[in-house]
> 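The structure's right below; bear with me while I get my questions together.
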Amino acid sequence: MTQETGGFAALGLHPNILAALTAVGYEEPSPIQSQAIPVILAGHDMIGQAQTGTGKTAAFALPLLSKIDPAKREPQVLILAPTRELALQVATAFETYSKQMPGVNVVAVYGGAPMGPQLKAIRQGAQVIVATPGRLVDHLRRDEKVLSTIQHLVLDEADEMLKLGFMDDLEIIFEAMPESRQSVLFSATLPHSIRAIAEKHLREPQHVKIAAKTQTVSRIEQAHLMIHADQKINAVTRLLEVEDFDALIAFVRTKQATLDLAAALEAKGYKAAALNGDIAQNQRERVIDSLKDGRLDIVVATDVAARGIDVPRITHVFNVDMPYDPESYVHRIGRTGRAGREGRALLLVTPRERRMLQVIERVTGQKVGEVKLPNAQQVLDARIKKLTSSLAPLVADAEASHGDLLDRLTADIGCSPRALAAALLKKATNGQALDLASVEREQPLVPSVGAPRERRERDGERSGERGEYRERRAPLPLTEGRVRCRTALGTRDGIAAKNLLGAILNEGGLAREAIGRIQIRETFSLVELPEDGLDRLLGKLKDTRVAGKALKLRRYRED
Ligand code: ADP
Ligand code: MG
């Protein structure tokens, strides 16, 4: 079973680090963290074996930051990572976890960037160096003393480093550090070459391994969807349209993520709530009761907060963030399929988590097939099906009770019953897109995994200047109580007023009347929105994308 109760506080970490963890919203240590942190804090050498995505960075960063002396302005910790990307990720993580530790500095050292600034940062007293082996050896060639004060070494993803041919570089680096240092090695696999390194350079290392025990999963239909992390909310809302669920529990890793996803789903009209460790026990019980009796249909929870939930109505489990190990996966999806019912479990997988998916399949002995995001046609079909099933039961009785009224209204208005029925449908569906073209417009295409999204977003941001000038030349009078908001998306991004309107209606939950004039220009657009509640509205629209691009709507200061 997963684990210990005391959370991070029980592990003996520095109080400032606990404060930083609260700020990032981690609720409890992952299995590798709860096992490795005490060993590293105690000063032992260690070999840690765990898959990608299990939280290894914090497993070494948290205890090592606890051991740093910020007053000493010299390198104390060295992390070696196989690639520039991983080195930067680890450096960023160190920065995040040390936010409350003034005086701690981190430098990333990798190839492809000038050496001068890196060396300068080291000399200016960075206590933590995160480096790729090749570039670090270049630095050693210039200054053989760079690593002479290192007290803690971590080889992160050691197997990958060896695959990339860094064996000789590692030997050079080992020789340049004091022998009295603590050495920690993390690897997903332990081939002979890694064991040999450990034998030669580690002293009586303790082994920490997250063993994957075989698990049984029954009566639960499982599937996964490949997706970029920043598209998860979008993907979840789209999947919900086509999944026929009664009650659903969505699992995420952090408290903040419970709030963000629950808010996004509420904005879409779902009865959703967040459940995390910050929420008081009696309030948590209320949430679970509401899920039981149907006042809520969706709960977005962290693993800790979801412990012990037993609600037979749950037909679906969405693993929005990857669980840390197969055991926790099995535990999570066991929330459905209760009381002999069929259950369905969906797992969102980001590109770097593919391996964890394989481990889950191996351990459970089941294939977790791939599904794709539903397309506009499927979303439309699902909407019409829902509409049909909500109206069908009314047809039998409604004519008896409302038939005369219908006759009177058609006569008064002077229209056909078909025209009146259409008007009633329009009213009942409240602006929801129910034809293919409209659904296509409101479902911005999610860039497929691997597409270069970031650059496009940044281009969009930079686009404003010339347009801003044009817009100043022709200021438009504003209605009382409305303010103008601006986005850097315009016609050249493929935006039309309909898209913008659709996005704001859908995600913002505003009535059509509340939205004023919309002006679409080449490189930006303006829209008039109610001043009252503007911050909340912009908050809801924070992650909205239109035509595949981030909307990033901001209040536009006139004058
Ligand atoms: P690994 O190095 O094992 O591949 P990472 O250290 O990169 O995994 O962590 C994967 C993700 O999990 C990161 O986004 C990280 O912020 C998050 N994470 C790590 N530990 C926790 C935790 N205890 N609670 C919530 N999220 C966590
Ligand atoms: Mg890692």
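Everything numeric here is computed off the predicted structure, so don't read it as measured data. Excluded from the calculations below are hydrogen atoms, water molecules and symmetry mates; all remaining heavy atoms, backbone and side chain alike, are included. Every number for a ligand or one of its atoms is a count from 1 in the order of the listing.
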> Using the six-membered ring wherever Trp is involved, compare the ring planes of His316 and Phe245 and label them parallel, tilted or perpendicular (cut-offs 30° and 60°).
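Taking Phe245 first and then His316, their aromatic rings stand perpendicular (interplane angle over 60°).
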> Return the option from Gln51, Lys56, Glu27, Arg253 holding the heavy atom at the smallest distance from atom 10 (C) of ligand 1.
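The residue whose heavy atom sits nearest atom 10 (C) of ligand 1 is Arg253.
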> For ligand 1, which atoms, with element, lie under 4.0 Å from some heavy atom of Phe8?
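Counting from 1, the qualifying ligand atoms are 23 (N).
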> Do any nitrogen or oxygen atoms of Gln89 come within less than 3.5 Å of a nitrogen or oxygen of ligand 1?
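The answer is no, given that Gln89 and ligand 1 share no N or O pair closer than 3.5 Å.
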> Of all residues at least two apart in sequence or in a different chain, which pass the salt bridge (charged side-chain N to carboxylate O under 4.0 Å, His left out) check with Glu221?
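Listed in chain order: Arg344.
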> Establish whether atom 26 (N) of ligand 1 and some protein heavy atom are separated by less than 4.0 angstrom.
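Looking at atom 26 (N) of ligand 1, one finds that a protein heavy atom does lie closer than 4.0 Å.
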> I need the full list of ring pair (Phe, Tyr, Trp, His ring centres under 6.0 Å) pairs touching residues 148-171, with sequence neighbours left out, sorted by first then second residue.
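Qualifying pairs: none.
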> Among all protein heavy atoms in this structure, tell me which lies nearest to atom 8 (O) of ligand 1, with the distance rounded to 0.1 Å.
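For atom 8 (O) of ligand 1, the nearest protein heavy atom is Gly55 N, 3.2 Å.
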> Report the C-alpha separation of Thr302 and Asn276 in whole Å, then their side-chain angles, then the decisive distance to 0.1 Å, and conclude whether the side-chain hydrogen bond (donor to acceptor under 3.5 Å, both in side chains) test is met.
CA-CA 6 Å; Thr302 56; Asn276 65 51; over 6 Å; no
> Considering only non-hydrogen protein atoms, determine which one is nearest to atom 5 (P) of ligand 1 and report residue, atom name and distance to 0.1 Å.
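Ranked first by proximity to atom 5 (P) of ligand 1 is Thr57 OG1, 3.6 Å.
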> Kindly assign one of parallel, tilted or perpendicular to the pair Tyr97 and Tyr26, based on the angle between their ring planes and the thresholds 30° and 60°.
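Correct class here is perpendicular.
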> Does Met322 have a non-hydrogen atom less than 4.0 Å from ligand 1?
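Contact check Met322 vs ligand 1: negative.
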> For atom 15 (C) of ligand 1, what is the closest protein heavy atom, and at what distance to 0.1 Å?
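That would be Tyr26 OH, 3.3 Å.
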> Considering distance alone, does some N or O of Thr254 sit under 3.5 Å from an N or O of ligand 1?
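Looking only at distances, the answer is no, because the N/O contact criterion of under 3.5 Å is not met.
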> So with a 6.0 Å cut-off around NZ of Lys120, is the heavy-atom count from everything else above 12?
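No, not enclosed.
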> Quick one: which of Gln33, Glu157, Glu28, Arg355 has a heavy atom closest to atom 19 (C) of ligand 1?
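Going through Gln33, Glu157, Glu28, Arg355 one by one, Gln33 has the nearest heavy atom to atom 19 (C) of ligand 1.
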> What verdict does the side chain to side chain contact (heavy atoms under 4.5 Å, CB included) test give for Leu185 and Ser187, after you've listed the backbone C-alpha separation in whole Å, the side-chain angles of each residue and the deciding distance to 0.1 Å?
CA-CA 7 Å; Leu185 181 158; Ser187 201; 4.1 Å; yes
> Mind checking whether Ala58 has an N or O less than 3.5 Å away from an N or O of ligand 1?
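So ligand 1 has no N or O lying under 3.5 Å from an N or O of Ala58.
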> Do the side chains of Glu85 and Arg352 get close enough for a salt bridge, i.e. N-O under 4.0 angstrom?
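Not counted as a salt bridge, because no side-chain N and carboxylate O are separated by less than 4.0 Å.
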> What atoms of ligand 1 come within less than 4.0 Å of a heavy atom belonging to Arg352?
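Answer, ordered by atom number: 4 (O), 7 (O).
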> Please determine whether the number of non-hydrogen atoms from other residues, nucleotides or ligands lying under 6.0 Å from atom CD of Glu199 exceeds 12.
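Counting neighbours around CD of Glu199, 12 or fewer heavy atoms of other residues, nucleotides or ligands fall under 6.0 Å, so no.
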> Suppose I only count heavy atoms of Thr54 and a 4.0 Å limit; which atoms of ligand 1 are within that range?
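With Thr54 as reference, the close atoms of ligand 1 come out as 1 (P), 3 (O), 8 (O).
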> If you have a sec, work out which protein heavy atom is nearest atom 21 (C) of ligand 1 and how many Å separate them, to one decimal?
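Among all protein heavy atoms, the one nearest atom 21 (C) of ligand 1 is Tyr324 OH, 2.9 Å.
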> Could you identify the single nearest non-hydrogen protein atom to atom 1 (P) of ligand 1 and state the distance to 0.1 Å?
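Heavy-atom neighbour on the protein nearest atom 1 (P) of ligand 1: Gly53 N, 3.3 Å.
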> Pick out which of Arg335, Arg332, Arg253 makes a salt bridge (Lys or Arg N to Asp or Glu O under 4.0 Å) with Asp303.
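For Asp303, the salt bridge (Lys or Arg N to Asp or Glu O under 4.0 Å) test succeeds with only one of Arg335, Arg332, Arg253, which is Arg332.
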